[in-house]
Every structure is written in C-alpha cells, then in structure tokens.
Visitor: 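Before I ask anything, let me first share the structure, which is written out below as structure tokens.
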There are 2 protein chains.
Amino acid sequence: MVPDRRDLIMDVAERLIRTHGYNGFSFREIAAEVGVKSASVHYHFPTKAELATAVARRYRKKFEAKVQDAEANGGSPVAVWRDLFRRALREDGRMCLCGILAIEGDALPAPVAGEARAFLDYGIRSIAEAPDLNDADGARVLAQLEGAMLLARSFGDPELFDRATQDLA
Amino acid sequence: MVPDRRDLIMDVAERLIRTHGYNGFSFREIAAEVGVKSASVHYHFPTKAELATAVARRYRKKFEAKVQDAEANGGSPVAVWRDLFRRALREDGRMCLCGILAIEGDALPAPVAGEARAFLDYGIRSIAEAPDLNDADGARVLAQLEGAMLLARSFGDPELFDRATQDLA
DNA sequence: GTCTATAATTTGATAGAC
DNA sequence: GTCTATCAAATTATAGAC
C-alpha cells in the first residue's frame, strides 16, 4: 500500500509540526520536501488550518488504534501509553503532535486546537480506565508523559524520558 | 520603581511568547501594545533572538529568586515549585515560558533554546534537593508540572492543573 | 530614543494554462 | 493534479531625520 500524495503531504506536515509547531512550517517547506510546488499542496488542502486539522485528526485516530491494539494484547493503559510515547521519541526524536499543538493553544485556528484537546481528553479517559485509577490519575499520568517528552526534547536526550517516567513502567 | 521602556518591552514579549510561542509574536505586535513603533523595539533589542534570550534569562532569574525565597520560608522544593506554577496559571492563565520554548526546541535560535534548557536543568536539580529525592525524581516532578500546565492550558481550565498535581501538594 | 520610510524576504492563497 | 505567475500582507531588520 503505497501512500498517495495526500498521505505523503500529511506525513511531511506532521513531522514539521512536531519539530517547529504550527507557526513554524510553511506550504513551501512541505512542497519542497514532497517534491512539488506549494500550489499543489493547496490543491489537496486549501488552507493551512485544514491541513493541520487533518493531520491532528489522523494522528489521534492512529494513536487510538495503537492503544486499543496494545491493550488487546494485555497491556495496562499506563504502560501502553508510556511505551507508545517512548517509542515515538526513540524512533524520530519528536514529541507528541497534540502536546505541541496544545501548548500553542488559543493562537491556533479553533478546529486545530479542538483536535489537540480531543486527543488529550481521550488520553485522560483511556488511562483512567486502568484498575484503581480515577480521572485525576489519568490527568496526572498524561501530564507526566507529555512533560517528560518536553524535557527529553529540550535536552536532546530520550533517556531523560525514561528516567522521568520510570515509576510508570 | 516604575519599569523603564526596556522592561516594559520584555513584559509584553514574555506575555506574548507564553501565549503564542516564539514563532507566534512579532516586533510590530509588541510595539503596538507598548505604544511605540517597531523600530523603537529594535533600538532596545536589535534582533528577535536577543529579545527572546533576554526575556528567558530574566524569567529564569526571577524564578530562581522566588524559589529561594519560598524555600527560605520553610517550603519543600516540590510544594514550592507546584505553588509557583499554580499561581502563575491562576493569575494570567499562561504556562511556563521555558516549557513552551523547550517544546519549540531546535527550531529556535541556539541562545534561546539554551536559556530554556538552563531553566529546566535548574528545576530538576532544585526539586531533587528535597529529602529522599534523587535526580530522576526531580525530572519526574518537573515533567508532571510542565505537563499539567499544558493540559490546563489546552482545556482552559486551571483546576485541571490542580487535579493532575494533587499528589504533589 | 523615537520616528518615517523602506529594503528584502517569506507567507498563505488564488487564477489560469496544460 | 501540477505547474507558472502573481498577489496582498506580514515579517525581521536597517538608514537616517529629528
């Protein structure tokens, strides 16, 4: 299943947002990496807000599928979420897309901020489904995971994520 | 002690960065809020990188002073850090300046990213000085605090910070 | 110190040919 | 679907008058 052009554009956009944030990438930058002109990117996604919203929604859906898959294989929600973030950090050195979008917050078009919020909301509820955990625990654990990615990214050290979350393993 | 123009520019810049991030504010925006023209802002801070670096350094120094002051009054490092972030979130609804700069990471001029890293490094070491805590605990607690601010900001709900960090109180 | 004016570049977005 | 060409606006930054 070869990714079509639309998917490829979203792949590049996701990587750029996770590196520079919403205000830190441009249509021309995406176009250059894909190997087309910026007008072609606009053909697939008329506005920047629509592109970012589509990227955030795909990220959330993919993440939800991964969580459900891992939990079906017997993992606890806390361990599953930690492992998913840990692997993403190791593989591409980038933090959670929705964490960075959440921080840029109300400076973003409403649909983009809404998708980020929906991701975090799912995270809190999903983690809170673990035995003996409540909603406040879900928020506590997700906060620790997002913050640990923030630290690891600032220091360029994936192991800092491991140390900051070793109590969740 | 009336703040001079230079301080006022830094005040506005700090607020804007904490709302929109480094790539989300402009000299003209600062100038408009201060009541001058953008060329005057350039007189005080020749480049955007220098302005952001100065703002981040001042933020770090002020925070260090607040931490030392609160600890001198008998607070434990964990409680002191939680309380300082909690109050900032309540007072102006904005998260840690260096948290947002850390996330934008390598997309930033090196001196700016360096100041953010220095703040986080101080946070980890400062918290780890609490009795019975080590460096990994410092990273864990700071991660939880930065992540809790991220969540509270995304949902526009300061109480979410309280719930996500109630175990640190 | 602040201003006007402007340079040089980048941005998001559109029109229309192919 | 992709291109060339272009637009209007915004950006960082500088020169020089006052």
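In what follows, chains are A, B, ... by sequence order, proteins preceding strands, each numbered from 1.
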Visitor: Sort and list the pairs that fulfil salt bridge (charged side-chain N to carboxylate O under 4.0 Å, His left out) and have at least one residue in residues 133-148 of chain A, not counting sequence neighbours.
Guide: A:Asp137-A:Arg140
Visitor: May I ask you to decide whether A:Arg87 forms a salt bridge with A:Asp83, counting only side-chain N to carboxylate O separations under 4.0 Å?
Guide: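 A:Asp83 and A:Arg87: salt-bridged.
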Visitor: Could you check how far NZ of A:Lys37 sits from P of D:dT4, rounded to whole Å?
Guide: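 Distance, rounded to whole Å: 5 Å.
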Visitor: Does the ring of B:Phe25 carry B:Lys48 above it, NZ/CZ under 6.0 angstrom from centre and within 45° of its axis?
Guide: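 Yes, B:Lys48 sits over the ring of B:Phe25.
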Visitor: Protein within reach of the bases, or only the backbone? For nucleotides 5-18 of chain D, mark each nucleotide 5' to 3' as B, S or -, using heavy atoms under 4.0 Å.
Guide: -B----BBBB----
Visitor: Any side-chain N or O of A:Arg5 under 4.0 Å from OP1/OP2 of D:dT2?
Guide: yes
Visitor: Please check the phosphate of D:dT2 (OP1 and OP2 only) for any side-chain N or O of A:Tyr43 closer than 4.0 Å.
Guide: no
Visitor: A:Ile30 CD1 to C:dT11 P: how many Å, rounded?
Guide: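 Between P of C:dT11 and CD1 of A:Ile30: 11 Å.
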Visitor: Are B:Tyr43 and B:Phe27 linked, directly or through intermediate hydrophobic residues, by side-chain heavy-atom contacts shorter than 4.5 Å (ILVMFWY only)?
Guide: no
Visitor: Counting C-beta onward and ignoring hydrogens, is there a side-chain heavy-atom pair between B:Arg90 and B:Glu159 closer than 4.5 Å?
Guide: yes
Visitor: Output the rounded distance in Å from CG (A:Asn23) to C1' (C:dG12).
Guide: 12 Å
Visitor: Are more than 12 heavy atoms, taken from residues, nucleotides or ligands other than B:Arg125, located less than 6.0 Å from that residue's CZ atom?
Guide: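 More than 12 within 6.0 Å, yes.
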Visitor: Within this structure, what is the CD1-to-C1' distance between B:Ile9 and C:dT2, rounded to whole angstrom?
Guide: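 That distance rounds to 11 Å.
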Visitor: Roughly, in whole Å, what's the span from CG in A:Leu16 to P in C:dG12?
Guide: 11 Å
